[in-house]
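Step one of this worksheet: look at the structure below.
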Amino acid sequence: MMHRTCSQPFAIWLMFAASYASQHLATSFISVTLIVLLREQGVSLDVIGLFQLAILPYSLRFLLSPVIERVWQTKSRHFKNWLLLVQWVMVGLLVVMAFLNPVMEPYALFAALTVFALMIGIQDVALDGLACRTLDERGRTLINSTQVGSGMVAGLIAGVLISTYPLLGWRGSILLLMGLSALPLPLLYRYREAVAVIDNQGRLGKEIVGGFVQMLVFWRHKKSWLAMLALYGVVYAGSFTVLSPSLVDNGWQMEEIGLLQNYGTLVGLVAVVAIIPLTKRLSRLRAMQVLTALQLVALGCVLPLAMGYATPFFAYLAMTGSYLTFAPMFTLNSKTMMDFAASSDTPATLYSTQISVAMLISIMTSSLFFALAERIGYQAVLLLSMTAALLLLAAMTRAGVAKMMCDGAVRA
């Protein structure tokens, strides 16, 4: 049994933070910067919605988890091998994308983004497996806060890219993104991985099949959790589908949207630091109920913007509500997933399959919501997300859900 601890050297936490930030840079670019750029160029919401599907390989990464967890282990490296490979491929793909025209060559860009999403999916499985295998419960709480915080930093950079795009242009922005994505490489090379001994000689195929079997068995006992993650995916998709395109539609400049995006990211960082400690005083179920209710309020804050009232007051109100509630809710859900997965001998597989379900639903819903917004308006997608939040609150009153939330750590 490998010793688990949260008392890791600062350099290791920095490696985790830089690696998580590099993967969030890509998803923030697709879900924030690219949306603003394409909408500003007059691209329809239908086409923008299709670009969201480029993230699908990332959301399906749980299918690769059994392979990543069992393959390519040496005496001194396991997950590190995968992390180094994908980091170099990501840097190379960004160089290719820098020389594409996003409006004139959309299909080539879509293909590059799809491969890129596959790489960050592999990276995510390897990072989560490393965290689950080497950190104790307190460490897993810290790593989830680190992950969300790194995502917020990536969101800040996405906002900066929007603001500086008129100056840097497409190529300059992508090359800047490439340089930032290369930052984890020296930290990864310096990291010494404590490899758990996995004796799978002669039975690798059975081990991989066993990983898939474990996923099926896990979901058989967690049907309510599966439904909740799917509903959370719908909730998350609502406000973020509306925010950026509606601002462009109402004449906001890219510099203004970038500044607003950075404000929202800072709100998210404050939320992770301030709200998560408050939820620790509550049971896990009560914390989920409180944060889900706040998500419902946040969706209501976006409604004026969706109705065309794109004044600075309503824009900042929508951004405040969205980021204030999303970051703590995502952190709490991620911690719950890790707790469910940590007792297994394939923690990366079980963690990835959980978070992938939420992301898959969110991506598919986001793509659908863009198409719906093109036809029946932004208000409809928000109402659908609000309905999902109400269903979640109703589900949490069931005794079976309450018992499931008591599994693992009893506190959020």
Side-chain angles (χ1 to χ4, degrees), residues 22-64 85-125 151 154-155 157-158 161-162 165 168-181 233 236-237 240-245 248-249 254 257 261 356 358-375 381:
S22 72
Q23 81 177 227
H24 286 299
L25 277 173
T27 54
S28 295
F29 173 75
I30 297 172
S31 60
V32 179
T33 310
L34 191 60
I35 289 175
V36 175
L37 168 63
L38 294 177
R39 193 60 174 167
E40 196 270 340
Q41 294 289 327
V43 177
S44 71
L45 291 173
D46 286 326
V47 174
I48 293 174
L50 288 176
F51 265 95
Q52 299 305 295
L53 296 179
I55 315 176
L56 272 178
Y58 180 45
S59 68
L60 295 172
R61 61 194 180 280
F62 69 94
L63 296 175
L64 297 172
L85 171 67
V86 299
Q87 205 72 46
W88 278 114
V89 175
M90 288 163 62
V91 169
L93 284 169
L94 285 168
V95 173
V96 172
M97 283 189 275
F99 291 89
L100 296 176
N101 186 309
V103 177
M104 301 301 294
E105 301 174 287
Y107 297 112
L109 178 61
F110 182 87
L113 287 172
T114 301
V115 178
F116 198 94
L118 176 62
M119 293 298 105
I120 61 176
I122 295 173
Q123 180 197 45
D124 191 65
V125 172
I157 296 172
L161 287 175
I162 294 173
Y165 185 83
L168 297 177
W170 172 262
R171 186 171 299 173
S173 298
I174 299 300
L175 290 177
L176 174 60
L177 197 62
M178 182 269 293
L180 293 171
S181 296
Y236 295 155
F240 293 107
T241 299
V242 173
L243 283 172
S244 296
V248 176
D249 293 348
M254 295 185 74
I257 297 174
Q261 177 65 37
S356 295
M359 180 169 289
L360 177 62
I361 297 296
S362 184
I363 291 170
M364 299 298 290
T365 304
S366 180
S367 183
L368 175 63
F369 278 7
F370 276 116
L372 286 175
E374 184 76 21
R375 291 163 176 77
V381 303

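Along the sequence shown, residues are numbered consecutively beginning with 1. Source: prediction; values computed, not measured.
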- [ ] Enter the distance from Gln23:CD to Gln87:CD here, rounded to the nearest 0.5 Å.
- [x] 9.5 Å
Task: All ring-ring contact (aromatic ring centres under 6.0 Å, His included) counterparts of Phe240, not counting sequence neighbours - done: Tyr323, Phe326
Task: Flag side-chain contact, heavy atom, 4.5 Å: Trp170 against Tyr165 - done: yes
- [ ] Taking the side chain as every heavy atom from C-beta outward, state whether Leu94 and Phe116 have any pair of such atoms under 4.5 Å apart.
- [x] yes
Open item on the list: Please enumerate all residues that pass side-chain contact (heavy atoms from CB on, under 4.5 Å) together with Val86, with sequence neighbours excluded.
Closed with: Met119, Ile122, Gln123
Open item on the list: Is any side-chain heavy atom of Ile48 closer than 4.5 Å to one of Pro245?
Closed with: no
Open item on the list: Less than 4.5 Å apart, side chain to side chain, heavy atoms only: is that true for Val248 and Ile35?
Closed with: no
Task: Rounded distance [0.5 Å steps], CG in Leu175 versus OG in Ser181 - done: 11.0 Å
TODO: Decide yes or no for Ser244 and Arg39: does some side-chain heavy atom of the first lie under 4.5 Å from some side-chain heavy atom of the second?
DONE: no
Task: With Val115 via side-chain contact (heavy atoms from CB on, under 4.5 Å) - residues at least two apart - done: Leu93
Open item on the list: Run the side chain to side chain contact (heavy atoms under 4.5 Å, CB included) test on Leu56 and Leu360 for me, step by step, so that the C-alpha distance in whole Å, both residues' side-chain angles and the decisive distance to 0.1 Å come before the verdict.
Closed with: CA-CA 7 Å; Leu56 272 178; Leu360 177 62; 3.4 Å; yes
TODO: Determine which pairs satisfy salt bridge (charged side-chain N to carboxylate O under 4.0 Å, His left out) with at least one residue from residues 43-58, sequence neighbours left out, and list them in order.
DONE: Asp46-Arg375
Task: Rounded distance [0.5 Å steps], CZ in Phe51 versus CG in Leu53 - done: 10.5 Å
TODO: Report the residues that fulfil side-chain contact (heavy atoms from CB on, under 4.5 Å) with Leu168, sequence neighbours left out, ordered by chain and then residue number.
DONE: Thr164, Ser173, Leu176
Distance-only donor-acceptor pairs under 3.5 Å for side chains of residues 95-110, two or more places apart:
unit_1	atom_1	unit_2	atom_2	d
Asn101	OD1	Val103	N	2.9
Asn101	OD1	Met104	N	3.0
Glu105	OE1	Asn101	N	2.8

Task: Nearest heavy-atom neighbours spanning Ser366 and Ala237 - done: N-CB, 4.0 Å
Task: Test side-chain contact (heavy atoms from CB on, under 4.5 Å) applied to Leu372 - qualifying residues, sequence neighbours left out - done: Leu368, Phe369, Ile376, Val381, Leu384
TODO: Can you measure from CE (Met364) to CD1 (Ile55) and round to the nearest 0.5 angstrom?
DONE: 12.0 Å
TODO: Drop me the distance from Ile120's CD1 to Leu113's CG, to the nearest 0.5 angstrom.
DONE: 9.5 Å
Task: Nearest non-hydrogen partners of Ser367 and Gly49, listed with the distance - done: OG-O, 3.0 Å
